[in-house]
Amino acid sequence: MRLLSESIQITAEKIKRLEIQGARNIAIAAIKAVEVLARQTKARSKRDFLKELLSAKEILFAARETEPLMRNAVRWMINQAEKSRETSVQKLARTVSLSSQRFLENLDDSKEKIAQIGAKRIRNHSTILTHCHSSTVTYLLKRAKQEGKSFEVICTETRPVFQGRTTAKEMLDLGVKTTLIVDSAARFFMNQVDLAIVGADAITSEGNVINKIGTSTIALAAHEARTPFYVVSELLKFDPATMYGDYEKIEERSPNEIWKDPPRNLVIRNPAFDVTRRDFIHGIICEDGIVSPHSVTEVVRRMYPWIFE
Ligand code: RUB
């Protein structure tokens, strides 16, 4: 049991340290860690097995607060074991392994659909601005490139930990002309941009989107410059808790990321994400198509009713 929770612990640590970064990669790592736990469990009863799963869930959820995709995935997998009539641990473990496979397949499927739909919005000879590193955004841009579109990308560096550099490297590897700018230069370049496109960590019941800190400022700048601003996201980033009154928690990270050796008494704040109001979002590009943030809850309800259970 100790060894198993160590494997969950290692994944949680990697997530905390941003060695695993981005909502999708975080969810995939958590799903795989739970699957390993199930495969290697030494639990002797259903009760003990469920206890193991629940403690794994707590450790993973605590790794990063603003990650409903991970929470939805882990919750769903554990739920399959909880509601099973099966009492054999071996069979229950198999149920968890199968649900992990199914969830991962769904994620892959969604990524493909999103790329297929979103790539159509990338016009030939256009300039796209993106913020942070979203694997869903870079996959979509890759698809557009494979379809023969020629475009250039402007990446914000994304302080304080520079995920924009990851995006820039990926774009260069694709052979896309890429420009890196400081975050505060987003407005300066916005008039040269045809489309701003970002990923998401969470979607709330009101259709607001939570993504890397600075996203909402970019959305405002895009609005003012009349540049379309799109979010690309799997619908499973919807947080059902927001439906029932909870606010999405915004993770606040260590001040060390901003200044390693600051003067005494300086207050440093380091929120990792911010909320972009739905009014500034042209559309959410998801596996069901391009949907208005105003109707996203209904779309989630139709596609994934279990999320509300
Ligand atoms: C990453 C970030 C990404 C979303 C979406 O923040 O804000 O835009 O997670 O990514 P961090 P994806 O680097 O702090 O995790 O599309 O890969 O799910």
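Remember, it's 1-based here, ligands and their atoms both numbered in the order they're listed. Computation of the quantities below employed the complete heavy-atom set of this structure, encompassing side-chain atoms and omitting hydrogens, waters and symmetry-equivalent molecules. For this chain, numbers begin at 1 and follow the sequence in order.
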**Protein residue, atom and distance nearest to atom 16 (O) of ligand 1, heavy-atom basis** = T136 OG1, 2.5 Å
**Message:** Suppose I only count heavy atoms of K237 and a 4.0 Å limit; which atoms of ligand 1 are within that range?
**Reply:** 5 (C), 12 (P), 16 (O), 18 (O)
**Asked** Any idea which atoms of ligand 1 are less than 4.0 Å away from a heavy-atom of C132?
**Response** 1 (C), 2 (C), 6 (O), 7 (O)
**Item:** Minimum side-chain heavy-atom gap Q90-R94 below 4.5 Å
**Value:** no
**Message:** Judged on heavy-atom distance to atom 13 (O) of ligand 1, which of Q163, K111, R24 sits nearest?
**Reply:** Q163
**Asked** Between F280 and R277, is there a cation-pi geometry (under 6.0 Å to ring centre, at most 45° from the normal)?
**Response** no
**Message:** Using 0.5 Å steps for rounding, measure from the CD1 atom of I31 to the OG atom of S99.
**Reply:** 9.5 Å
**Proximity to ligand 1 by part of H133, non-hydrogen separation under 4.0 Å** = backbone
**Request:** Answer with side chain, backbone, both or neither: which part of A23 has a heavy atom less than 4.0 angstrom from an atom of ligand 1?
**Result:** both
**Request:** Provide the number and element of each atom of ligand 1 under 4.0 Å from a heavy atom of K212.
**Result:** 6 (O), 7 (O), 11 (P), 14 (O)
**Message:** What protein heavy atom lies closest to atom 4 (C) of ligand 1? Include the residue and the distance to one decimal.
**Reply:** D201 OD2, 3.2 Å
**Request:** May I ask you to decide if the ring planes of W306 and F103 are parallel, tilted or perpendicular, using 30° and 60° as cut-offs?
**Result:** perpendicular
**Message:** Between the side chains of R278 and E206, is the shortest nitrogen-to-carboxylate-oxygen separation below 4.0 Å, so that they form an ion pair?
**Reply:** no
**Flag side-chain contact, heavy atom, 4.5 Å: P68 against E248** = yes
**Message:** Please check if the number of heavy atoms outside K149 that lie under 6.0 Å from its NZ is greater than 12.
**Reply:** yes
**Request:** Provide, to 0.1 Å, the distance between atom 11 (P) of ligand 1 and the closest protein heavy atom, together with that atom's residue and name.
**Result:** R64 NH1, 3.5 Å
**Request:** Flag the pair Y244 / F308 as yes when their ring centroid distance falls below 6.0 Å, and as no otherwise.
**Result:** no
**Request:** Please write down residue, atom name and distance for the protein heavy atom closest to atom 8 (O) of ligand 1.
**Result:** N211 OD1, 2.7 Å
**Request:** Using distance alone, decide if ligand 1 has a nitrogen or oxygen within less than 3.5 Å of any nitrogen or oxygen in V137.
**Result:** no
**Fill in**
When distances are taken from atom 17 (O) of ligand 1, the protein heavy atom at minimum range is S135 OG, 2.6 Å
**Item:** A200 contact mode with ligand 1 (heavy-atom cut-off under 4.0 Å)
**Value:** backbone
**Prompt:** Are H131 and Q163 linked by a side-chain donor-acceptor pair shorter than 3.5 Å?
**Reply:** no
